[in-house]
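What's counted below: heavy atoms across the whole structure, side chains too, no hydrogens, waters or symmetry copies. In this chain, numbering begins with 1 at the start of the sequence shown.
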Amino acid sequence: MSMEKLFEIAQNLKVAGFPQPEQIEVGQLWFNASTHEPIQITKDLNNELVTKITIYPTKTRSEIYAPTIEDFEKIMPKWGIKQEGFKKVCYTDAYPGIEYSGDSTLEARANAWKGENPA
């Protein structure tokens, strides 16, 4: 998935009210809301938090968190993924017939979250 597509998904989720993490952690991916540049959170050799660019996400800025598949698995544990043609489909046995598709697993899960959490 391109960074452009990932930014689009993350931005749409933030607008829809997807929770942004309280803690900034290693491995997270954020985007600068203005420039759309990715901000990867890593640690240096001294175990200090560093980023790939100079803007650091804070609760007072407008950075956008890019959720992972694991984030969705935690908040929607009863939802699975299946392949239908070239699409990924997020579904749950709790609501037969309710399905959300996307070009990737992440997009299908994001669409499911938005569908189940209307703004």
**Q** Could you tell me whether the side chains of Lys14 and Gln20 share a donor-acceptor contact shorter than 3.5 Å?
**A**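 The criterion, which ignores hydrogens and geometry beyond distance, is not satisfied for Gln20 and Lys14.
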**Q** So Phe31 and Met3, do their side chains get closer than 4.5 Å, heavy atoms only?
**A** yes
**Q** Roughly how far, to the nearest 0.5 Å, is the CD atom of Glu99 from the CG atom of Asn111?
**A** 12.5 Å
**Q** Find the distance between OG1 (Thr68) and CG (Leu29) and round it off to the nearest 0.5 Å.
**A**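 Separation between the atoms: 10.0 Å.
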**Q** Any heavy-atom pair between the side chains of Ile98 and Trp79 that's under 4.5 Å?
**A** yes
**Q** Name the one of Phe18, Trp113, Tyr100 that satisfies ring pair (Phe, Tyr, Trp, His ring centres under 6.0 Å) with Phe72?
**A** Phe18
**Q** Tell me every residue that passes side chain to side chain donor-acceptor pair (under 3.5 Å) with Gln11, counting only those two or more places apart in sequence or in another chain.
**A** none
**Q** Under 4.0 Å between a side-chain nitrogen and a carboxylate oxygen: does that hold for Lys78 and Asp93?
**A** no
**Q** Following the transitive rule for hydrophobic clusters with a side-chain heavy-atom cut-off under 4.5 Å over Ile, Leu, Val, Met, Phe, Trp and Tyr, establish whether Ile64 and Ile75 coincide in one cluster.
**A**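 Linked, Ile64 and Ile75 end up in one cluster.
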**Q** Where do Pro77 and Lys74 come nearest, in terms of heavy atoms and distance?
**A** CD-O, 3.7 Å
**Q** Might you confirm whether atom CD of Gln83 has over 12 heavy atoms from other residues, nucleotides or ligands at distances under 6.0 Å?
**A** yes
**Q** Go through the steps for Asp103 and Lys88 under the test salt bridge (Lys or Arg N to Asp or Glu O under 4.0 Å), then give the verdict.
**A** CA-CA 6 Å; Asp103 291 334; Lys88 298 287 186 172; over 6 Å; no
**Q** Measure the spacing between OG of Ser104 and CD1 of Ile69 and express it to the nearest 0.5 Å.
**A** 7.0 Å
**Q** Measuring from atom CD of Glu63 to atom CH2 of Trp30, what distance do you get when rounded to the nearest 0.5 angstrom?
**A**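 Spacing of CD (Glu63) from CH2 (Trp30) equals 7.5 Å.
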**Q** Within a 6.0 Å radius of atom CE on Met1, are there more than 12 heavy atoms belonging to other residues, nucleotides or ligands?
**A** yes
**Q** Taking the side chain as every heavy atom from C-beta outward, state whether Pro21 and Gln28 have any atom pair closer than 4.5 Å.
**A** yes
**Q** Under the salt bridge (charged side-chain N to carboxylate O under 4.0 Å, His left out) test, which residues partner Lys5, sequence neighbours left out?
**A** Glu8, Glu107
**Q** For residues Cys90 and Ala108, report the shortest heavy-atom separation together with the two atoms involved.
**A**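 So the minimum-distance heavy-atom pair works out to CB-O, 3.6 Å.
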**Q** With clusters defined by side-chain heavy atoms of hydrophobic residues (ILVMFWY) lying less than 4.5 Å apart, directly or transitively, does Leu106 cluster with Met76?
**A** yes
**Q** How far does CG of Leu13 sit from NZ of Lys114, to the nearest 0.5 angstrom?
**A**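 So the CG of Leu13 and the NZ of Lys114 are separated by 6.0 Å.
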**Q** Looking at CZ of Arg109 and CD1 of Ile9, how far apart are the two atoms once the value is rounded to the nearest 0.5 Å?
**A**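 Nearest 0.5 Å value for the CZ-CD1 distance: 13.0 Å.
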